[in-house]
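Below: the structure, in structure tokens.
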There are 2 protein chains.
Amino acid sequence: MAVSEDRIDAVREFNRFYTKHVGALNEGLLKSPFSLTEMRILYELHTANELMAADLAKSLSLDPAYLSRILKRFKSAGLIETLRSVTDRRQRVLTLTEEGRRVFAPYIKASRDEVAAVLDALSEAEQTKLLTAMQAILSTLDGARQKATPVIIRAHRPGDIGWVIHRHGSLYASEYGFDDSFEALVAKVAGEFLEKFDPAFEHCWIAERNGGILGSVFLVKKDKTTAQLRLLYVEPSARGLSVGRNLVNECIAFARQKKYKTLTLWTNSILHAAIHLYEDAGFKLVNEEPHHSFGQDLIGQTWDLTL
Amino acid sequence: MAVSEDRIDAVREFNRFYTKHVGALNEGLLKSPFSLTEMRILYELHTANELMAADLAKSLSLDPAYLSRILKRFKSAGLIETLRSVTDRRQRVLTLTEEGRRVFAPYIKASRDEVAAVLDALSEAEQTKLLTAMQAILSTLDGARQKATPVIIRAHRPGDIGWVIHRHGSLYASEYGFDDSFEALVAKVAGEFLEKFDPAFEHCWIAERNGGILGSVFLVKKDKTTAQLRLLYVEPSARGLSVGRNLVNECIAFARQKKYKTLTLWTNSILHAAIHLYEDAGFKLVNEEPHHSFGQDLIGQTWDLTL
DNA sequence: TAAATTAATGGACTAAGTCAAGTAAATTAA
DNA sequence: TTAATTTACTTGACTTAGTCCATTAATTTA
């Protein structure tokens with residue numbers, strides 16, 4: 001467990017703050033005849049439409065006995081209907097009745113209004129910042145959601161090139177100890193790409209999910225018949241999602257379509273994961289030569305793919 | 001109330017998710033002899049050192065009666081000491097005893113461990129993303145905190161240059177409609193800075209708060225007697241914090257110290273906020289000339305400061 | 001086919017939290 | 001200065017929320 005104390009404390013502080021914040025929001029609903037737990041149950045029923053008691057108990061971490069009693073109360077108040085499930089006759093399918101919806105609606109509205117009031121006090125920029133941040137937390141902590149949203153591959157947009165440089169700089173510094181000069185090289189390469197960009201023969205692919213960039217690759221024209229693959233990178237957090245593979249494939253397909261004869265690339269022997277991708281894609285090692293760059297002793301490699 | 005429904009729902013969804021998430025974290029502390037509320041009280045005492053019951057009741061939204069009883073229990077268990085306040089003899093000053101600290105410590109540790117386990121499951125990049133996001137939420141929703149943490153100005157580190165390019169690209173695209181070629185220019189300038197960086201006569205300043213970059217400025221050597229200020233930028237979220245002013249001042253101080261005679265800079269007439277800073281710092285407009293760049297009709301300006 | 005597991009429930013209980021009323025000190029108004 | 005009001009905290013009497021154990025019935029696994 002090598003997580004820094006600072007980070008742990010920062011998260012704990014956030015948790016404490018947000019607990020209070022949500023607590024204050026819920027305060028407003030306190031005058032309702034429903035307890036917070038009851039509200040949460042009604043809310044789940046409201047969104048899910050059909051639910052088993054067991055699902056509810058699990059997703060809200062409730063004692064089944066306690067839940068059972070609450071549901072019983074709801075049923076006798078005419079808020080929900082319970083039907084024996086046909087597939088498993090132990091289970092009971094729960095649904096909110098029309099009456100249930102009618103009764104619950106104002107509280108949803110009240111809850112919405114409370115949130116609206118908080119947002120309303122913020123500027124447009126602050127709202128965006130808040131929502132982006134919440135999205136980031138959701139997608140980081142909620143594994144299920146993360147899997148669900150697909151990785152898309154698109155062309156570059158303003159800001160992307162800088163981001164790619166930023167990530168190369170940070171990542172290679174922390175993982176391989178590369179110094180500034182590496183980031184300088186990346187900035188130069190990427191800057192030149194943008195400057196001289198010829199969409200007919202060149203392309204940049206950005207892999208993203210939920211608005212967060214997961215990887216990149218560039219294809220630049222070297223000469224009439226040769227294209228060069230450059231700046232392939234994949235976020236550590238996105239490993240295992242075939243992001244790198246898909247990016248390389250896009251690159252190869254584009255090179256073929258544009259009638260290049262050869263796709264070449266330069267890399268360093270320590271970048272095992274990337275090299276593995278190149279080999280799999282059919283690239284052949286054509287040259288190898290040691291050099292001292294980025295504050296490190298490295299072995300540069302040139303790989304070619306005949307298209 | 002003109003807040004969009006989508007945003008409200010997004011916030012509500014986040015609230016629901018995070019409530020569950022924190023609930024799950026607290027589950028682990030459930031086997032302790034303290035209830036969640038008791039924990040929160042102990043935690044407040046632990047950090048604040050000295051506290052009145054009334055403060056506690058307010059900050060944790062507790063019923064005074066309930067709190068009073070909990071405190072009574074804590075006192076008879078030897079966990080806290082209560083002293084009549086000298087300034088107001090109705091109040092009682094609460095402090096955790098040594099014994100209290102000793103007893104409470106393992107639970108703090110347990111809570112830390114739970115958070116550490118969550119973080120541990122994330123990659124470095126994800127951790128950073130998570131913390132940045134939490135920081136963003138805190139600073140947006142908790143106005144008080146925003147003021148409290150100071151902005152620091154430091155030299156550049158790996159990744160920073162890329163970040164600066166990224167932000168220039170995004171920001172100028174969304175605020176002024178600049179196209180790719182602007183980002184290309186920034187990448188070239190910043191890349192060259194890194195490549196030819198001479199610490200004796202050049203410098204980059206990064207303004208940051210809580211690990212988040214708020215602004216930047218570069219000073220590069222133009223010739224023996226002239227230094228150029230480049231790439232000044234300030235995050236929209238950091239406006240009004242004098243970030244830009246402080247960065248420009250750093251720049252001027254450095255230029256003076258290095259015995260430059262003139263500090264020059266090139267900018268565009270639409271960048272009012274920046275120009276205002278330059279004027280305030282004593283720069284004089286020496287040249288102005290229209291140009292078509294970055295997909296826009298602009299008026300370029302050269303400003304000089306005699307040192 | 002027996003044994004183990006799961007879904008749901010009731011009984012008996014404890015913990016958590018609330019409300020109204022009171023005391024003593026401090027503050028404000030007259 | 002004194003009376004009225006407010007504030008900090010406390011106690012008593014309560015309600016609500018939540019837990020634990022045991023049981024029944026259906027389903028799954030061995």
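Reminder, nothing fancy here: chain letters follow the sequence lines and each chain counts from 1. Predicted, not measured: the structure shown is a model, and the values here were computed from it.
With rounding to whole Å, B/R73 atom CZ is found 12 Å from C/dT14 atom C1'. Between the CD atom of B/Q91 and the C1' atom of C/dA24 there is a distance of 13 Å, rounded to whole Å. B/L56 places its CG atom 19 Å from the P atom of D/dT7, with the value rounded to the nearest Å. Going from atom CG of A/L71 over to atom C1' of C/dA7 covers 12 Å, rounded to whole Å. Whole-Å rounding puts the A/Y66 OH to C/dG11 P distance at 18 Å. With rounding to whole Å, A/K75 atom NZ is found 13 Å from C/dT9 atom C1'. Whole-Å rounding puts the A/L60 CG to D/dA17 P distance at 15 Å. At whole-Å resolution of the value, CD1 in A/I70 and C1' in D/dG18 are 9 Å apart.
The main-chain N or O of A/R92 is never found under 3.5 Å from a side-chain atom of A/S85 such that the two would form a donor-acceptor pair. Remark: side-chain polar atoms of B/S4 are paired, donor with acceptor, to backbone N or O of B/R7 under 3.5 angstrom. For the pair A/S139 (side chain) and A/A136 (backbone), a donor-acceptor distance under 3.5 Å is present.
Residue B/K72 has no polar side-chain atom (N or O) positioned under 4.0 Å from OP1 or OP2 of D/dC9. An OP1 or OP2 oxygen of D/dT16 is reached within less than 4.0 angstrom by no side-chain nitrogen or oxygen of A/S35. Between A/T37 and D/dG18 there is a side-chain polar atom (N or O) within less than 4.0 angstrom of OP1 or OP2.
Mapped onto DNA chain D by nearest heavy atom, A/S61 and B/A53 fall at different nucleotides, with B/A53 at the one closer to the 5' end.
Nucleotide D/dT29: paired with C/dA2 (Watson-Crick or G-U wobble, both distances less than 3.5 Å). Look at C/dA30: its Watson-Crick or wobble partner, with both distances under 3.5 angstrom, is D/dT1. D/dC14 is paired with C/dG17 under the criterion used here, namely a Watson-Crick or G-U wobble arrangement in which both key atom distances are under 3.5 Å. Across all strands shown, D/dT19 is found opposite C/dA12 as a Watson-Crick or G-U wobble partner, with both distances under 3.5 Å.
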Going 5' to 3' through nucleotides 21-29 of chain D and flagging B where a protein heavy-atom sits under 4.0 Å of the base, S where only the sugar-phosphate is that close, and - otherwise, we get ----BBS--

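Using the six-membered ring where Trp is involved, A/F17 and A/H21 have ring planes that are parallel, under 30° apart on the 30 and 60° scheme.
A/R69 contributes a side-chain N or O that forms a donor-acceptor pair with the base of D/dT19 under 3.5 Å.
Cation-pi check for A/R16 over B/Y43 is met; the charged atom lies under 6.0 angstrom from the ring centroid and within 45 degrees of its normal.
B/Y18 and A/F14 have their aromatic ring centers within a separation under 6.0 angstrom.
Look at A/E81 and A/K75 and you find no salt bridge, because none of the NZ, NE, NH1 or NH2 atoms lies under 4.0 Å from a carboxylate O.
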